[in-house]
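Have a look at the structure below before the remarks.
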Number of protein chains: 2
Amino acid sequence: MENSKYLIIYNDIVEKIEKAEYEPNAKLPSENELMQMYDVSRDTVRKALLRLEQNGYIQKIKGKGSFVLDINKFDFQVSGLISFKELASKMGGSVQTIVEELEVVKPDKYLQKQLQISEQDEVWKIVRARKIKDKRIILDKDFILKRVADGFTKEICQNSIYEYIENVLGLKISFAKKEIVVKNATDEDKRYLDLDGYDVVVVVKNYVYLEDMTLFQYTESRHRPDKFKFIDFARRHK
Amino acid sequence: MENSKYLIIYNDIVEKIEKAEYEPNAKLPSENELMQMYDVSRDTVRKALLRLEQNGYIQKIKGKGSFVLDINKFDFQVSGLISFKELASKMGGSVQTIVEELEVVKPDKYLQKQLQISEQDEVWKIVRARKIKDKRIILDKDFILKRVADGFTKEICQNSIYEYIENVLGLKISFAKKEIVVKNATDEDKRYLDLDGYDVVVVVKNYVYLEDMTLFQYTESRHRPDKFKFIDFARRHK
DNA sequence: TAGTGGTCTAGACCACTTT
DNA sequence: AAGTGGTCTAGACCACTAA
């Protein structure tokens, strides 16, 4: 995968931070020391540190050094592009996926707009309910352009769609635009989720793009409001 | 500030993209051409392009070039660390701030935990209602460590707290952790907001840190659910 | 094959913090 | 004064895309 030196260094330091080998608030070795430790140029060290800083692992302070942040230990990280499967593995066992619908459809007007496609284009429609501790908490509705990604089965959907797309199909996901809003619960929400009396759901709309800038997937994640939590790490650069 | 070459180039290209001088999906000049245009080294050009990519302005494709993304034109950008004042200026006139409370308080247990301080520490408590089109839509509750930032007046709060903190006090905000959840509306919410029948609010908790890693501000933004929208741009790098 | 972005190097000077 | 991170340079080689 990642043979570049700076990514190896990045991953190595991430691991050390997560194992608390570098403790919160501790000072990392200086750039000079890291150069010697990994036997690379300063620029390569700096590339690794830049990524650590951007992902919220460290804070660099001019004249002082790089320090480990502890705010990155999120109990329920949903930020970035993490998938339910990745999330589940961080949360331990008690999660489960139920595939409710899996079919190829012609897009209606709404979907044509979301995916910026014509009515001729075929789309995979995948609806999954997510159980946490035996309660249906999240309803995931995925719409995927058939001409870009095809061959979905119930097994794949029960496992991880992303894993299939990235590892089996070899497609490279580049970025996503995410939108969070609150909507009144629909009949579909009430049918598939244990809403526990709530009449609204938190809707996370996700527009996923490939490396060549094509939009190929639109996802709606509909959450029971009391179980929803979104965490974001933001750096301020004007 | 903005004396560094790569930031000047970055800002210049941002401006050109926002003015559509570089149109959506168009190809930017190559790194070689940009080197000549700005008379800098390739590394300096690449630093500018890296920031453009990370902020969702462009997509770089190996062997092809850098292309302008159009998804960055958010009608209601709340991502990152943008403040209400900045937001308002993007939305035009029809917004208004009402300062409901402004006082120095001793932190209660909850606040001691949020700001990681002792009960001796004094804290500025600032409560503001935000009107959009004459409806009270957002309730901002700011808690700021007095020993770090002091001297708040009604005028400052009506204008922009961030502007005061950054430009007048000269403090440098470095990063923030943001948390979005949905809560049942409190009596305070009902008193200060036009909730229009809704019995929940979207709560955005914001923990703001300075460059020296000190946590100095905790903010709760409480939104009427139907008027809330959060947009995020996320790049996937494993 | 020519052009593009991705990685890596070695060296320089600066501004800031600490001693 | 010594150490730290921030910026900038010039040059090299690679992998990918296009003609």
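Quantities reported herein were computed from a predicted structural model and do not represent experimental measurements. Residue numbers start from 1 in every chain, and the chains themselves are labelled A, B, ... in the order their sequence lines are given, proteins ahead of strands.
Residue Lys60(B) contributes atom NZ, which lies 14 Å from atom C1' of dC16(D) at whole-angstrom precision. Between Arg46(A) atom CZ and dC8(C) atom C1' there is a gap of 15 Å when expressed in whole angstrom units. In this structure, the CD atom of Glu211(A) is 13 Å from the C1' atom of dT17(D), given to the nearest Å. Atom OH of Tyr10(A) is separated from atom C1' of dT7(C) by 18 Å (rounded to the nearest Å).
Using a 30° and 60° split on the angle between ring planes, Tyr209(B) and Phe175(B) fall in the parallel class, below 30°.
In this structure Tyr22(A) satisfies the side chain to side chain donor-acceptor pair (under 3.5 Å) test with no other residue, sequence neighbours excluded. Residues passing the salt bridge (charged side-chain N to carboxylate O under 4.0 Å, His left out) test with Asp150(A) are Lys146(A), sequence neighbours excluded. Residues passing the side chain to side chain donor-acceptor pair (under 3.5 Å) test with Asp12(B), sequence neighbours excluded: Lys16(B), Tyr38(B). Checked against side chain to side chain donor-acceptor pair (under 3.5 Å), Lys125(B) has the following partners two or more places apart in sequence or in another chain: Glu101(B). In terms of the salt bridge (charged side-chain N to carboxylate O under 4.0 Å, His left out) criterion, Lys205(A) has no residue partners (sequence neighbours excluded).
Residue Lys5(A) has a polar side-chain atom (N or O) positioned under 4.0 Å from OP1 or OP2 of dT9(C). One finds a side-chain N or O of Tyr6(A) lying less than 4.0 angstrom from the OP1 or OP2 phosphate oxygen of dT7(C). Note on Thr44(A): a side-chain N or O is less than 4.0 Å away from OP1 or OP2 of dT9(C).
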Could you go over nucleotides 10-19 of chain C and give all protein N or O partners under 3.5 Å, atom names and distances?
{"from": "dA12(C)", "atom 1": "N6", "to": "Arg42(A)", "atom 2": "NH1", "distance (Å)": "3.4"}

